[in-house]
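What follows is a set of notes on a single structure, which appears directly below.
In this chain, numbering begins with 1 at the start of the sequence shown. Just so you know, these numbers use all the heavy atoms, side chains as well, and skip hydrogens, waters and symmetry mates.
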Amino acid sequence: MTWDWQVFLQDPGGKDPTYWQWMLSAWGWTLSVALLALAIALVVGSLMGILRTAPNKWLMLLGNTWTEVFRNIPLLVQIILWYHVIPGLFTSLQQVPSFLLVVVALGFFTSARVSEQVKAGIQSLPRGQRYAGLAVGFTLPQTYRYVLLPMAFRIVLPPLTSESMNIVKNSSVAFAVSVTELTMFAMQAQEETSRGVEIYLAVTALYFASAFAINRVMLFVEGQLQIPGHTTGGK
């Protein structure tokens with residue numbers, strides 16, 4: 001088999017941009033989906049993880065319900081629901097770009113996993129820390145903010161690193177609703193050029209580079225924030 005890497009310099013249908021420029025644009029869309037979804041997942045997942053450890057049973061029920069719903073429905077099904085079903089129920093969402101719907105779907109899906117990790121991090125702390133925060137005059141929200149969460153987030157950084165890498169890979173399902181990210185680019189470019197080996201190898205390399213870069217950044221953050229005397233399996 002002869003490889004032809006010159007395929008990336010060709011213009012699709014004789015039009016700009018080249019396949020190389022198209023692939024870089026698709027990479028940008030992949031990173032945009034992943035990073036925005038990660039921001040949503042961290043905010044919403046942290047909130048739900050906190051609610052699941054709250055002393056109020058209704059707040060705990062809300063956090064548990066959110067986590068179970070979004071954890072037990074496949075990601076692709078959730079994206080289809082957000083794209084085809086929910087805009088039919090709420091007509092104001094019909095004008096929302098599919099890109100944003102994918103970001104929300106992926107963010108909510110990942111938030112359920114982040115919720116589990118934040119909950120585990122909080123519950124791994126000695127119970128006396130919560131009591132100590134309340135004893136010095138903090139309210140319960142202040143105890144979470146100043147005492148529990150700073151320690152819990154440091155503990156759960158290794159699994160959060162894995163989730164940050166996974167969200168880049170999971171962003172590939174955005175092709176199902178016509179977001180021009182890397183997977184859709186690969187499918188279309190392969191059909192047009194019949195050079196599937198070169199196309200998919202290049203796309204694979206970009207996925208690997210993205211996940212590896214996130215891994216390095218998160219490991220650096222983990223090293224800077226590591227609790228003295230506390231070791232994790234993420235090293």
Side-chain angles (χ1 to χ4, degrees), residues 29-87 89-90 92-93 96-125 140-174 176-177 179 181 210-211 214 217-218 221-222 225:
W29 282 108
T30 290
L31 294 177
S32 297
V33 169
L35 294 177
L36 290 174
L38 179 60
I40 292 175
L42 291 176
V43 173
V44 177
S46 297
L47 176 60
M48 294 304 156
I50 292 169
L51 294 183
R52 297 177 72 195
T53 63
N56 185 296
K57 67 177 182 179
W58 297 109
L59 294 179
M60 187 181 300
L61 177 62
L62 173 61
N64 286 334
T65 301
W66 177 280
T67 301
E68 292 302 321
V69 167
F70 286 98
R71 182 176 62 179
N72 291 306
I73 300 176
L75 175 57
L76 184 58
V77 173
Q78 292 190 39
I79 288 178
I80 297 299
L81 288 174
W82 276 96
Y83 187 74
H84 290 291
V85 178
I86 296 179
L89 300 176
F90 303 95
S92 60
L93 294 178
V96 176
S98 58
F99 164 77
L100 293 179
L101 294 177
V102 168
V103 166
V104 172
L106 182 55
F108 284 177
F109 173 81
T110 309
S111 73
R113 303 173 65 88
V114 173
S115 168
E116 286 285 357
Q117 292 153 10
V118 172
K119 174 188 175 184
I122 293 174
Q123 291 182 334
S124 70
L125 299 173
L140 185 59
Q142 288 175 327
T143 300
Y144 272 97
R145 178 179 178 183
Y146 296 113
V147 179
L148 301 179
L149 290 179
M151 296 286 285
F153 275 118
R154 293 181 180 187
I155 293 172
V156 301
L157 269 176
L160 287 181
T161 297
S162 296
E163 290 306 324
S164 300
M165 297 168 64
N166 285 337
I167 207 167
V168 173
K169 294 176 283 185
N170 288 338
S171 68
S172 62
V173 298
V177 292
V179 175
E181 44 70 63
S210 303
I214 290 176
V217 170
M218 293 296 288
V221 172
E222 181 186 339
L225 299 180

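Looking at heavy atoms from C-beta onward, F70 lies out of side-chain contact with S115 at the 4.5 angstrom threshold. Counting heavy atoms from C-beta on, the side chains of L42 and L160 come closer than 4.5 Å. In this structure the side chain of V177 never reaches within 4.5 angstrom of the side chain of W82, judged on heavy atoms. Between P55 and L140 the shortest side-chain heavy-atom distance falls below 4.5 Å. Side-chain atoms of L149 and I122, non-hydrogen and from C-beta on, do get closer than 4.5 Å to each other. At least one side-chain heavy atom of W66 sits less than 4.5 Å from a side-chain heavy atom of V44. Taking the side chain as every heavy atom from C-beta outward, L125 and V147 never approach each other to under 4.5 Å.
Panel note: side chain E163, backbone V114; no donor-acceptor pair is recorded below 3.5 Å. With hydrogens and angles disregarded, no donor-acceptor distance shorter than 3.5 Å links the side chain of T110 to the backbone of G107.
Here the CG atom belonging to L61 is positioned 10.0 Å from the CG atom belonging to N56, to the nearest 0.5 angstrom. The line from OH of Y83 to CD1 of I79 is 12.0 Å long, rounded to the nearest 0.5 Å. A distance of 11.0 Å separates CG of N166 from OG1 of T161, quoted to the nearest 0.5 Å. To the nearest 0.5 Å, atom OG of residue S32 and atom CG of residue L100 are 10.5 Å apart. Between the CZ atom in R113 and the OG1 atom in T67 there is a gap of 12.0 Å [rounded to 0.5 Å]. Here the CG-CG distance, from L62 to L51, works out to 5.5 Å after rounding to the nearest 0.5 Å.
The shortest non-hydrogen separation linking S92 to V96 is O-CG2, 4.3 Å. A174 and E181 make their closest contact through CB-CG, 3.9 Å (heavy atoms, listed as atom of the first residue, atom of the second, distance). Looking at every heavy atom in both residues, L106 comes nearest to S171 through CD2-CA, 3.9 Å. Residues L75 and V173 come closest through the heavy atom pair CD2-CG2, 3.7 Å. The two residues Q78 and I73 come nearest to each other via the heavy atoms NE2-O, 2.8 Å. Considering all non-hydrogen atoms of both residues, A176 and I80 come closest at CB-CD1, 4.5 Å.
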Step-by-step side-chain contact (heavy atoms from CB on, under 4.5 Å) determination, S111 to M48
CA-CA 8 Å; S111 73; M48 294 304 156; 5.7 Å; no
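No more than 12 heavy atoms of other residues, nucleotides or ligands lie within 6.0 Å of CZ in R145, so this atom counts as exposed by the packing criterion.
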